[in-house]
Amino acid sequence: MSKIKITVLMLVAIIIFLSALFIGPRIINPFRMGDMEKEILFSIRFPRVVVAILVGMALGASGAILQGVLRNPLADPYILGISSGASLSAAFALLSGIYSFGRFTIPLTAFLGASAVSVLVGVFGWRRGGLWPERLLLAGVGLSFLFHSVLMLLMSISTDEGLRRAVLWIFGDLSMADWSLIPYGLVFIVSGLIISVSRSKALNALILGDEFAHSLGFSIHKERFMLFISMALMTGASVSLGGTIGFIGLLIPHIMRFVAGADSRVLIPLSAIGGGAFLCLADLIGKSIMTPMEIPSGIITAIIGSPYFLYLLRRKDVLSI
Amino acid sequence: MSKIKITVLMLVAIIIFLSALFIGPRIINPFRMGDMEKEILFSIRFPRVVVAILVGMALGASGAILQGVLRNPLADPYILGISSGASLSAAFALLSGIYSFGRFTIPLTAFLGASAVSVLVGVFGWRRGGLWPERLLLAGVGLSFLFHSVLMLLMSISTDEGLRRAVLWIFGDLSMADWSLIPYGLVFIVSGLIISVSRSKALNALILGDEFAHSLGFSIHKERFMLFISMALMTGASVSLGGTIGFIGLLIPHIMRFVAGADSRVLIPLSAIGGGAFLCLADLIGKSIMTPMEIPSGIITAIIGSPYFLYLLRRKDVLSI
Amino acid sequence: YAETPARIISLAPSMTEILFALGLEERIVAVTSFCDYPEEAKKKPKIGGMSNPSLEAVVSLKPDIVLMTTDGNPKEFEERLRSLRIKTYVFKQRRLSELPQGIREVGSVLGVKDKADLLANEIETTINKLKTQNSKLKTQKKKVLFIVWPEPLIVAGPGTAIDDAMNLLGYENIASKAKTTYPKYSIEEVIHQSPDVIFIGKGHVNMKEVSNSILKRIAKVPAVKNGAVFYVSDNLYRLGPRVIKGIEEMAECLK
Amino acid sequence: MSLAFDRPILELKDVSFSYLRDKKIIDNISFSVGNGEFIGLLGANGSGKSTMLKLSSGILRPSTGEIKLWDKDVLSYPNKDRAKLLCYLPQLLDINVPFKVKELVGMGLYPYDIPPHITVDEALEAVGLSEKPDSYITNLSSGERRRVFIAMTLVQGAGILLLDEPFANLDIRYQIELLKLLKELKDKKGIAIIMALHDINIALKFEKVMLIKEGRILGTGSPDAILTREMLKDAFDVGIEVVRREYGEAYISYENNF
Amino acid sequence: MSLAFDRPILELKDVSFSYLRDKKIIDNISFSVGNGEFIGLLGANGSGKSTMLKLSSGILRPSTGEIKLWDKDVLSYPNKDRAKLLCYLPQLLDINVPFKVKELVGMGLYPYDIPPHITVDEALEAVGLSEKPDSYITNLSSGERRRVFIAMTLVQGAGILLLDEPFANLDIRYQIELLKLLKELKDKKGIAIIMALHDINIALKFEKVMLIKEGRILGTGSPDAILTREMLKDAFDVGIEVVRREYGEAYISYENNF
Ligand SMILES: Nc1ncnc2c1ncn2[C@@H]1O[C@H](COP(=O)(O)OP(=O)(O)OP(=O)(O)O)[C@@H](O)[C@H]1O
Ligand SMILES: Nc1ncnc2c1ncn2[C@@H]1O[C@H](COP(=O)(O)OP(=O)(O)OP(=O)(O)O)[C@@H](O)[C@H]1O
Ligand SMILES: [Mg+2]
Ligand SMILES: [Mg+2]
């Protein structure tokens, strides 16, 4: 059953992937491509589609992980402040005009910010030799508020131009995707995915509670730590690749849970594939619907995704997590 | 014990209130006021301080209510989409340039938006004759995403002026406070507070679970409905008075729970007084610290509040809700 | 306006520039924190930002008039000032062609009609000169793009002074079909439209470095291939007396 | 009061109920409980004990049939009034919010404006928790938790108590004390009690037991009449027998089961 | 195996533990459990039964003393290895996530790469849930829930089982079946079992019981030796007595308590 669901979703994802490549704002016929078409296909569309898929996968999987680890249906990859930390440090770079790493500057500072916040949340969530869900959650919310408002403070006392830029970056943007960043993103996100899939049994056990998880042979603190790390890797990389993109991390796991149940061994891969396919689709729509303008994909994800989610919610009788 | 805590907090609130009136960005000596001082005191500071207190009280109490009703520590007054609905409809008014109600236009449309969303969340949260926490929560999140992204869409395809104004509205801003709106806000917020305080026993019982609440003589659906209404009244009014102000609704109830325990009969009044005093203080600081620049109070609340919250979190052993 | 206002507060950088150009420096009692041109404007007392100026600060300076624009100042603020019986003037003009008229109106409100007429005429003359120059060249219009910020790609769209300036110079702004003034623009579309000239606003940061990667990505576009990429100052961002300098700067590049 | 003795306090008439469409969990049940009656509700896991108690308390609404509390539909009462007459103690006590013991027990007073029955302190005394009024519920052992909620029920002091396995997790002493306390309430105040339980040895001490199976009543009556080898076999599908000694003691013989 | 019989599987040496600074919940306890031992753990509410089981399973870390599993500190084992040797079934089963029954039971296989013991289906059969593999746990009655987790324990198939009140909420049939099943496991596979329970009538069927009070062991031995009137009085502060009949049956007499 769940094998079938994964396969079907994979097929849908591939179709979306190909459409994003060849349809786009204008259709490219793969068999009759001029120089310009090739250029657009390979240096613009391809990296962008890949980034969309990576970011979507990272967010979907991170959301599924965090909702389980924190045992809270409202958790999403940004709840722990990782994105506000990343935005803050990227904004520092933007506003101060530091540009020493060239085009890597923003992604790099964002990733550093994300990592720093992850460590900080970890420190606050730590007590008696381990991470505790309620602490992680509250600490994350507190830090998130702090960084977010420092960012806002920066923005409100900086020049208007800076404000506009920083806001745009926070809205999430995939248009800057090019090949140079993909290898780094790929490494972090794929390793995050591998860790989390290999830890999906532990996640199931942790959802039952610490006592069960312990009895079933998991080191609760180690597993929680590993899952936290995998989430931080993926979220950090995704924020530095594409900014903050809402909806996917929070609601794709719920949609997948409606569709395929609560078992993390299925839920994590499904949320990853679903997140990737969905972001790719949203980006395709966002750049095609009002050409030559681009609508940020974070906006499109929520505009198409929310009605579907609400429809599922009305239909379903059993709600999860 | 809790009587003492409430009294102490009240005293602190009064001191903050007076400081906000007479200290402000420049000190006004109440015994030697010129015409200009009188003007500043009565038509600028006084209404602003009153709005800050009202909004803060509304948010603090709403947060305490929602965290209990939804049985989720991450709930805040904005989680159900009431603020995004309000912002969206205010933004519609702003963007379309409708100004038929003069300066009431924005608050009025915001309030209408908030009410419409509350009804919608209620409809989605409704099943078999009542409101269900998990449904309310997920429906609210879905609707919140939807409205927020429609707002973002509007902003990204509209003129720049609209963008800036809508963004500011979302950031929350008390500087426009004048006497004309206060009576309306007062009516809604005070009636919300009265309903919620009179329902605080029911909230305690609902936190224990529906079966206990029923057995203790509460109509679970009616009580949930009343609490929901009181929250919607207060949040709607606060959004329309002061836009979206973060931190208070989510973390003031947690801080009060750290300080005074989980009993809603104490928690709701304490969160209200604490929220009011705190927003008043944050606004005072926001307008005094970099005179004549005004830092939006939502930013200040988080910048001072988060470190205190994190400090409490590290100190406390028992965490609530 | 029987008497000429002696204490003026400007709530927008463009207004401040106009005031300085009209020689009203002495009468300005305060400006916003964003007013950074000319250099002397920075020394004036401040009343806060454009979108959230401090009401208290404005009131306590006892201004005779407060100058605002529709481009950046909230309408609610004007209403608040009026309810406190403070006189306001709102500058509603937003297009290049409307600027002279706007300046004349400001001049008459502030009692410096003659000076304002002079300034307005100067601007009008320059605009007309450029217009006639271009009506002579009835050749194929060249395509231009004005990049405001490269990552993500934000360009000057329709309804901006920049767009007006490009039209005036006889060029076609490829972004004029977008729906908003400063749209986020598709890179693919840039390649498709193949602009012949690209302007990049210099802004506050080192724009050469920041824009490196976008230029690399559109390297095959004629503008980049032929080296027709120009960095221009921010003269055109504000609808004030400086726009003329900005247009001339652009015209200079295009020669 | 003598008249009241004949009138049933709680009466179920042809009540049926299903959670999910297809399967009837309660299948056309009728019975009534009079003043001062103390009924032990026995039945296999999943036979519908909890469901029946929830229906009786008005939390669940029957699909067919009606449930009367003092001659009026239980669903028609104003909630506060019903709470003064009837109290339901759930089986699962999963509370994660750190309320204090005394706060929880105090909630038993919520239906009242003036405390009418025993005080919080007396109730805590009765369940042996008078030393822990300020403990957080989340820091108690499961038996202690159960006792907190029993104390809450005592404070609420309703005329009919619906208790869902109140003995679970209680140690032998508090099992005995609870039973004594309940019998006292019944005798002194005419309180009616229905209690789901699994311990047949305790059920033998009851005056009246009800045996249910798959949502139907197998029988109601004295333990002697109901807890026979055959009925137990029917209800639980297990071969056990009640052994009775000459001078009144009775106990379950597990026969060759171990 | 004969050698192993003499070696204790689990051994507690001078173990003490406190949750909050001031109060010792476990107070210098020492005992050991050998292969094939089946111990009933009795004691008043709050006496420390659950705490002792949690300590033994390695979830809690003793403040002083040490706990050995097969001669090595239980805390020193890699978690997976420990899970193959030892399994702990908690007392509170508050799961709100709608896992399916078969998913939950299948989690018992998590410590293993190759399923070594009984299958999920067999375990479901053993606890009488073979008709509900696809039910959501949140839709089960509390006794059924308990059985789901017992099935999970069976699937995990460890050599020592620490069961915290597994009988709570079980009906009489499954109480008997569980006891038979555990005895069979003990006899056939030499599995050791420690089980906290409150039902003294069931404890009488055990070969060995341990009575604790306020974190200290009052006695360990056969029910005959331990469950005397005096010891019960000491442990529970209640006057009850075990009555023994000629041909082997024994039961609790509640005396004049009711
Ligand atoms: N997390 C905790 N924090 C503080 N005290 C605790 C905690 N858990 C248990 N206690 C206290 O420790 C003591 C022993 O608890 P434990 O759960 O071990 O008792 P028990 O013998 O299992 O009781 P029961 O028969 O009720 O299950 C109790 O007094 C309880 O109040
Ligand atoms: N919320 C629910 N949704 C669907 N089915 C349910 C629900 N609650 C209980 N059931 C089913 O209804 C039947 C009766 O459940 P109930 O809880 O009344 O049994 P019980 O007699 O109290 O059992 P126990 O002795 O285990 O407490 C069971 O088969 C159970 O699986
Ligand atoms: Mg039950
Ligand atoms: Mg216990």
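A note on names: the letters A, B, ... follow the listed sequences, proteins ahead of strands, and every chain is numbered from 1.
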Q: With rounding to the nearest 0.5 Å, note down the distance linking CG in E:Leu154 to CG in E:Leu181.
A: 5.5 Å
Q | E:Tyr88 and E:Ser56: side chain donor to acceptor below 3.5 Å | A | no
Q: State the CZ-CG distance between E:Arg147 and E:Asn169, to the nearest 0.5 angstrom.
A: 11.0 Å
Q.
Keeping E:Lys189 on the side-chain end and E:Glu184 on the backbone end, is there a donor-acceptor pair under 3.5 Å?
A. no
(Q) With a 4.5 angstrom heavy-atom cut-off, is it the side chain or the backbone of E:Leu86 that approaches chain A, or both, or neither? (A) backbone
Q. Heavy-atom distance under 4.5 Å to chain A: side chain of E:Phe149, backbone, both or neither?
A. side chain
Q) Using a cut-off of under 4.5 Å for heavy-atom pairs, which of E:Lys80, E:Arg82, E:Met107 has the most such pairs with chain A? A) E:Arg82
(Q) Between E:Lys84 and chain A, with a heavy-atom cut-off of 4.5 Å, which part of the residue counts as in contact: side chain, backbone, both or neither? (A) neither
Q | Per-residue contact mode, E:Ile59 against chain A (heavy atom under 4.5 angstrom) | A | both
Q. Quick one: do A:Asp210 and A:Arg71 make a salt bridge, cutoff under 4.0 Å?
A. no
**Q.** Interface residue of largest heavy-atom contact number with chain A, from E:Pro78, E:Pro90, E:Pro111, under 4.5 Å
**A.** E:Pro90
